[in-house]
Amino acid sequence: VSQSRYMRPDHYVTMGGKKIKFGSKDSVHDIENRITDAIRIRNCYPARSDGKVYYSGILRILRRELRAAQKILNNLPV
């Protein structure tokens, strides 16, 4: 799990404020929704603007978190 996480590595806080297990289906779905929102917002900014650069950085972090959550989810017993 990424060292950039601000919470305990086994917990995740959804956009709605609910605390769930990191690597669960719900956490993966929530991160995917965050990525969708960030892409929508980033695309409103002109090329090479501070806003576009800022949201591109956020997307890089969110995608890293998504890969980590998916890795955990794929290793969980069914």
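Every value quoted in this text rests on a predicted model; they were computed, and no experiment measured them.
- Atom OG1 of T36 and atom CG of L59 lie 9.5 Å apart (nearest 0.5 Å).
- Note that CD1 of I31 is 12.5 Å distant from CD1 of I61, once rounded to the nearest 0.5 Å.
- Closest of all the heavy-atom pairs between V28 and A69 is CG2-CB, 3.8 Å.
- D30 pairs with exactly one of I35, L66, T14 by the side-chain contact (heavy atoms from CB on, under 4.5 Å) rule, that one being T14.
- Cluster membership check: Y45 does not share its hydrophobic cluster with V53, using side-chain heavy-atom separations under 4.5 Å among Ile, Leu, Val, Met, Phe, Trp and Tyr.
- Here the NE2 atom belonging to H11 is positioned 11.5 Å from the OG atom belonging to S27, to the nearest 0.5 angstrom.
- In D50, the CG atom is not crowded: 12 or fewer heavy atoms of neighbouring residues, nucleotides or ligands sit closer than 6.0 Å.
- Of the inter-residue distances, the one linking R42 atom CZ with S49 atom OG reads 10.5 Å to the nearest 0.5 angstrom.
- Taking CZ of R60 as the start and CZ of R64 as the end, the distance is 7.5 Å to the nearest 0.5 Å.
- In this structure, A38 and L62 approach most closely via the heavy-atom pair CB-CD1, 4.3 Å.
- Side-chain atoms of R40 and D37, non-hydrogen and from C-beta on, do get closer than 4.5 Å to each other.
- The structure places CZ of R67 at 13.5 Å from CG of N74, a figure rounded to the nearest 0.5 Å.
- Closest of all the heavy-atom pairs between G23 and I72 is CA-CG2, 3.8 Å.
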